[in-house]
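Counting convention: from 1, in listed order, for ligands and their atoms alike. In what follows, residues are counted from 1 in the order of the sequence shown. For clarity, every value in this text was computed on a predicted model and none was experimentally measured.
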Amino acid sequence: MSSTLTKAEKPSIKIEHTQCFIDGKWEAAASGKTFATYNPATEEVIAEVAEGDAADIDRAAKAARRAFDSGPWSKMDARDRGRLLYRLADAIEDRADELAALETLDNGKPISESRQGDLPLVIDCLRYYAGFADKIQGSTIPIRGNFLCYTRREPVGVAGQIIPWNFPMLMTAWKWGPALAAGCTIVMKPAEQTPLTCLRMAAIAQEVGFPDGVINVVPGFGPTAGAATVKHPLIDKIAFTGEHITARIITRDSAESLKRLTFELGGKSPNVVMADADLDAAAQGAYIGLYLNQGQCCCAGSRLFVESSIREPFMEKLSALAAARKVGDPFDSQTEQGPQIDQNQFDKVMKYIDQGQSEGANLLVGGKRVGECGYFIEPTIFDNVSDQMSIAKDEIFGPVLSVLTFDDKEELIRRANDTFYGLAAAIWTRDLSTAHEFAARVRAGTVWINCYDAFDAAAPFGGFKLSGHGRELGEEGLRAYTENKTVTVKL
Ligand code: ADP
């Protein structure tokens, strides 16, 4: 692989927002504590950020509650909520360069991805939900007797939103868009590794006119600020994206208040290449499906099933792509792969690379650290992987692809489904019946046919099994922020 660890021209990036954003004000954490956020490409501290905890979440929850129950938000027409969301999308679009640079600085993803991948999806998601704000409707129901019966779709209330570090702005948009369109107010806890763009988005939301208390952002750690959000009695719902182990803790912590929960969790998604596929397209899809975002995608196609008869020509194409991937300074416009997010993730990925070798898989491409500074790892491919190896079973969340082969369709379906996860799956084939049979039988929330990572704000996304419950995006994502109310009138 070509590595370009030379320093690229970095735009000067001003870090203006590092405090808690509560009730329209920027405030230090009540404890006065701060924590450092790091540039994963250089391991340098970017900024000290307020370390919110239970006291700050309490202030945020009270502000969000007030804004929901009695503030201007509660009286605002749905269409005007939509207009604010459109304005937020426009303002983000106007500052897309600045925001993309901040995202790359804090997260390490290549600037081309932040600017041309994440930012357009953020803007599109906010616009999609802006258009929904005045189209949330109930129904009239013909019940027995002389009654008028109708339903109202009402906002669920204060939404606690806890997001991870892999797509900080995009996860913010996926959470804010439907919540705000539905009329909820928000207490958000961004990931401790990447708080900066979410805070910046809060500042922009205030500028475009969101009333105080509607959006509150409290940076901090999971077991403190995150857990306090989950336990807070004034918060009605938790929308969480992260690991299933954390989702279990959240389920326990929210048991007392029986909060509404939606979870978008991990995966070990099967990506299948049939012998009749367009092999160039499939190799490109397998490459993007795994290496996008340094392999740090919950839906990464990390179990690649290749039909035995085409294994050799296919692996040649895929290995060439992986070996040519440009790893290096995320601010270099030519860079395709930046660093992993932090030391923990770096160590975890390297541990799996060791384990793959010791369990007997064949290290075909990569496997080593790139450079001495920053958390860079070579795009890595293991073949001769068997289903029981840890690299075939566990979510690695890094640039490590496990290649398995198969000969028979029944065997394939059984093995594809032999996982605790069920987030995504894909198949590459020219045979319609094979494609649709796979789509129907694979236990996953999203199935891509002859494509990978084809996301759209209108298409619901979420998991079966340990990959989550509920769906984000689309109308289903919006409904998750509403309650149904049935009204019956005696005529
Ligand atoms: P990741 O491995 O992606 O960091 P986590 O599930 O640990 O996945 O973290 C995702 C988000 O959940 C982060 O914002 C983190 O701070 C938060 N979090 C971690 N532990 C808890 C917890 N016990 N309660 C609530 N939120 C938590």
Distance alone, cut at 3.5 Å: any donor-acceptor contact between the side chains of [X] and [Y]?
X: E103; Y: T197; answer: yes
X: E43; Y: N39; answer: no
X: S257; Y: K259; answer: yes

Passes ring pair (Phe, Tyr, Trp, His ring centres under 6.0 Å), W73 versus F210? Steps please.
CA-CA 8 Å; W73 191 244; F210 278 91; 5.8 Å; yes
Provide the number and element of each atom of ligand 1 under 4.0 Å from a heavy atom of [X].
X: I162; answer: 11 (C), 12 (O), 14 (O), 17 (C), 25 (C), 26 (N)
X: G242; answer: 6 (O)
X: A227; answer: 24 (N), 25 (C)
X: T241; answer: 10 (C)

Testing Q296, K348, Q345 one by one against Q340 for a side chain to side chain donor-acceptor pair (under 3.5 Å), which residue passes?
Q296
Test side chain to side chain contact (heavy atoms under 4.5 Å, CB included), reference Q337, set R325, K109, E378, output is R325
Given F382, which of L401, L404, I353 fulfils the side chain to side chain contact (heavy atoms under 4.5 Å, CB included) condition?
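It is I353, the one option of L401, L404, I353 that forms the side chain to side chain contact (heavy atoms under 4.5 Å, CB included) with F382.
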Please tell me if atom 9 (O) of ligand 1 is touched by the protein, where touching means a protein heavy-atom distance below 4.0 Å.
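Under the 4.0 Å cut-off, atom 9 (O) of ligand 1 has no protein heavy-atom neighbours at all.
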Identify the closest protein heavy atom to [atom]: which residue and atom is it, and at what distance?
atom: atom 12 (O) of ligand 1; result: F240 CE1, 3.2 Å
atom: atom 5 (P) of ligand 1; result: T246 OG1, 3.6 Å
atom: atom 23 (N) of ligand 1; result: I249 CG2, 3.7 Å
atom: atom 14 (O) of ligand 1; result: I163 O, 2.8 Å
atom: atom 22 (C) of ligand 1; result: G222 O, 3.5 Å
atom: atom 15 (C) of ligand 1; result: E192 OE1, 3.6 Å
atom: atom 26 (N) of ligand 1; result: G226 CA, 3.6 Å

Is I245 close enough to touch ligand 1? Criterion: a residue heavy atom under 4.0 Å from a ligand atom.
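Contact check I245 vs ligand 1: negative.
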L292 CG to Y287 OH distance, which is reported to the nearest 0.5 Å
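L292 atom CG to Y287 atom OH measures 10.0 Å (nearest 0.5 Å).
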For ligand 1, is there an N or O atom under 3.5 Å from any N or O atom of [X]?
X: F221; result: no
X: K189; result: yes
X: W165; result: yes
X: E243; result: yes

Think R369 forms a cation-pi with F346, using NZ or CZ under 6.0 Å from the six-ring centre and within 45 degrees of its axis?
yes
is_close_aromatic(Y481, W174), centroid dist under 6.0 Å
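Here the rings of W174 and Y481 have centres that are no less than 6.0 Å from each other.
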When the aromatic ring centroids of Y421 and H244 are compared, is their separation below 6.0 Å?
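Yes, close enough.
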